[in-house]
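I have a structure I would like to understand better, so I am pasting it below and will then ask my questions one at a time.
Throughout, residue positions are numbered sequentially from 1 according to the sequence presented.
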Amino acid sequence: MGQKVNPIGIRLGIVRGWDSNWYGGDDFGQKLVEDDKIRKYLNARLHKAGIAKIYIERTLKLVTVTINTARPGLIIGKMGAEVDKLKEELKKITNKDVQINISEIKRPELDAVLVSQTIASQIEGRMFYRRAIKTAIMSTMRAGAEGIKVSISGRIGGAEMARTEHYKEGRTPLHTLRADIDYNQAEAHTTYGRIGIKVWICRGLIYGKRDLFQANTEAGKGKGTNRRERGAFSRERGERTGERKRNNK
C-alpha cells in the first residue's frame with residue numbers, strides 16, 4: 001500500500017498535519033477553492049523565493065498565511081515593503097484581512113519540494129540529468145537524511161523513446177507510517193518534452209510528538225558515546241586501577 005499512495009496523504013493524522021486548518025461549514029467548497037487560488041498565486045509570484053510549504057489558517061474575519069521558504073529576504077523585501085504588497089494583493093482574492101508569517105527553512109536539502117525543484121531547474125538549464133540527481137542525493141545525505149530516492153521519467157537526454165530511471169541511497173521505508181517521509185513531484189520543461197521528477201526523503205522515525213522525538217535524539221548524544229569521551233573514561237579507569245595496585249603493595 002505504501003508503494004501506491006501519496007506518502008504524505010497516508011501519514012496525515014499520524015506524523016503529519018494538514019496544510020489548511022479551518023472549519024468548513026456551509027461554504028466549505030468556496031474556502032477550498034480560495035485556498036487553491038492563494039497557493040497558485042503565491043507560487044507563481046514568488047517562484048524564485050524557494051517556497052516549500054504554504055499553511056493557511058482561518059477565523060471569521062482573518063486569514064493567516066504561513067510561508068515556509070529558503071529565501072525569506074526576497075519575500076520580506078526592504079523594510080518589509082514586499083510583505084505589505086502581498087497582503088494587499090491577497091486581500092483582493094479573499095475579501096478578508098490577511099496576516100502573513102514567514103518561516104525560514106534552515107536545511108533546504110532535507111525538503112523534497114526544494115530538492116525536486118532544484119533538479120528540474122538544473123535539467124532545464126541543460127545540465128546532464130544524472131549529474132544533477134547525484135549532486136542532490138549527495139547534498140541531502142550530507143545534511144543528515146536517512147535516505148533519498150529519486151525517480152525521473154520522460155524523454156531523458158533527448159531520447160526518442162521515453163523511459164524511467166530510479167536512483168536511491170539509504171533507506172526510504174514507505175510502509176512504515178512513523179517514518180517521516182517527505183515527497184514531491186516536479187516537472188522540467190525542456191525542448192524535447194516534459195520530464196517528471198519524483199523525490200522521496202526519509203528524515204528519520206517519529207515516536208509520539210515531533211518535539212519529543214527531537215528531545216530524545218538530542219538527549220542521546222550526551223552519553224559519552226564518541227571516541228574522545230570513551231578514551232578519557234578508559235584512561236581514568238586505568239589510573240584508578242594502577243593507584244589501587246600501588247596501595248596494595
Any side-chain donor-acceptor pair under 3.5 Å between N184 and W200?
no

Using side-chain heavy atoms (C-beta onward) and a distance below 4.5 Å, is R203 in contact with E146?
no

At their closest point, which heavy atom of P72 faces which heavy atom of I102, and how far apart are they?
CB-CG2, 3.9 Å

Can you establish whether the number of heavy atoms outside F28 located under 6.0 Å from its atom CZ is more than 12?
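Count not over threshold, so no.
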
Got a second to check how far Y23's OH is from T59's OG1, nearest 0.5 Å?
15.5 Å

Check for me, please, whether V33 and V98 land in the same ILVMFWY cluster - side-chain distances under 4.5 Å, paths through other members count.
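Unlinked, V33 and V98 end up in two clusters.
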
State, without any angle test, whether S20 and R39 hold a side-chain donor-acceptor pair at a distance under 3.5 Å.
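Short answer, yes.
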
Using atom types as modelled and distance alone, determine if a side-chain donor or acceptor of R11 lies under 3.5 Å from a backbone N or O of A179.
yes

With the side chain counted from C-beta on, respond yes when I100 and T64 share a heavy-atom pair under 4.5 Å apart, and no when they do not.
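A side-chain contact under 4.5 Å is absent here.
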
G196 backbone acceptor or donor facing E187 side chain under 3.5 Å:
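Looks like no, no N/O pair under 3.5 Å.
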
Criterion side-chain contact (heavy atoms from CB on, under 4.5 Å) on Q117 and Q122, from CA distance to verdict:
CA-CA 9 Å; Q117 289 177 353; Q122 289 175 346; over 6 Å; no

Any donor-acceptor pair under 3.5 Å linking the side-chain atoms of Y41 with those of E89?
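The criterion, which ignores hydrogens and geometry beyond distance, is satisfied for Y41 and E89.
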
Are a donor atom and an acceptor atom from the side chains of E165 and Y167 found within less than 3.5 Å of each other?
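Yes, a side-chain donor-acceptor pair sits under 3.5 Å.
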
If I compare all heavy atoms of I75 with all of A49, which pair ends up nearest, and what's the gap?
CG1-CB, 3.8 Å

Assess whether atom CE of M138 is packed by more than 12 heavy atoms of other residues, nucleotides or ligands within 6.0 Å.
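No, because the 6.0 Å sphere around CE of M138 holds 12 heavy atoms or fewer from other groups.
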
Any idea which heavy atoms bring P7 and I181 closest together, and the distance?
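Where P7 meets I181 most closely, the heavy atoms are CB-CG2, 3.9 Å.
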
Report the C-alpha distance between N68 and T66 in whole Å, list the side-chain angles of each, state the deciding distance to 0.1 Å, and finish with yes or no for side-chain contact (heavy atoms from CB on, under 4.5 Å).
CA-CA 7 Å; N68 285 11; T66 304; 4.1 Å; yes

Report yes or no: do V83 and V63 belong to one cluster of Ile/Leu/Val/Met/Phe/Trp/Tyr joined by side chain heavy-atom distances under 4.5 Å?
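Hydrophobic grouping puts V83 with V63.
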
Minimum heavy-atom separation for T190 and G193, please, with both atom names.
OG1-O, 2.6 Å

For the residue pair D182 and L110, establish whether any side-chain heavy-atom pair is separated by less than 4.5 Å.
no

Contact between H166 and V150 at the side-chain level, heavy atoms closer than 4.5 Å - yes or no?
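They are not in side-chain contact.
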
Any heavy-atom pair between the side chains of R16 and I8 that's under 4.5 Å?
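SC-SC contact between I8 and R16 confirmed.
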
OG1-CG distance between T176 and L174, expressed to the nearest 0.5 angstrom:
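If we round to the nearest 0.5 Å, T176:OG1 and L174:CG are 8.5 Å apart.
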
Heavy atoms of other groups near K168 NZ, more than 12 under 6.0 Å:
yes

In Å and rounded to the nearest 0.5 Å, what is the OG to CD distance from S116 to Q185?
9.0 Å

Give the minimum heavy-atom separation between A120 and A188, together with the two atoms involved.
O-CB, 3.7 Å

Checking side-chain contact (heavy atoms from CB on, under 4.5 Å) for the pair V65/N101: CA distance, chi angles, key distance, verdict?
CA-CA 6 Å; V65 180; N101 301 326; over 6 Å; no

Under-4.0 Å salt bridge between D35 and K31
no

Would one find more than 12 heavy atoms of other residues, nucleotides or ligands at under 6.0 Å from atom CZ of R163?
yes

Quick one: are T69 and I105 in side-chain contact, heavy atoms under 4.5 Å?
no

For a 4.5 angstrom cut-off between non-hydrogen side-chain atoms, does I67 reach I51?
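The answer is yes, as the side chains (C-beta and beyond) meet within the 4.5 Å cut-off.
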
Between CD1 of I14 and CG of L177, what distance do you get to the nearest 0.5 Å?
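Going from CD1 on I14 over to CG on L177, the span is 4.5 Å.
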
Check the pair Y183, N6 against side-chain contact (heavy atoms from CB on, under 4.5 Å), reporting the backbone distance first and the verdict last.
CA-CA 8 Å; Y183 168 80; N6 190 304; 3.7 Å; yes

In short, G17 meets L12 closest at the heavy-atom pair O-CD2, 3.2 Å

If you draw a 6.0 Å radius around NZ in K53, do more than 12 non-hydrogen atoms from other residues or ligands fall strictly inside?
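Yes, because the 6.0 Å sphere around NZ of K53 holds more than 12 heavy atoms from other groups.
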
What residue pairs, at least two apart or across chains, pass salt bridge (charged side-chain N to carboxylate O under 4.0 Å, His left out) with a residue in residues 90-110?
E88-K91

Could you tell me whether the side chain of T164 reaches within less than 4.5 Å of the side chain of I152, counting heavy atoms only?
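Heavy-atom side-chain distance check fails, nothing below 4.5 Å.
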
Please answer: with hydrophobic residues joined when any side-chain heavy atoms are less than 4.5 Å apart, are M127 and I156 in the same cluster?
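Per the 4.5 Å side-chain linkage, M127 and I156 are not co-clustered.
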
How long is the straight-line distance from CD1 of I119 back to NZ of K198, given to the nearest 0.5 Å?
14.0 Å

Consider only side-chain heavy atoms of I, L, V, M, F, W and Y, link residues closer than 4.5 Å, and tell whether L114 and I133 are in one cluster.
no

Rounded distance [0.5 Å steps], OG in S121 versus NZ in K48
12.0 Å

Transitively linked via ILVMFWY side-chain contacts under 4.5 Å: W22 with L90?
no

Among I38, N43, L42, D36, which residue meets the side chain to side chain contact (heavy atoms under 4.5 Å, CB included) test with K40?
D36

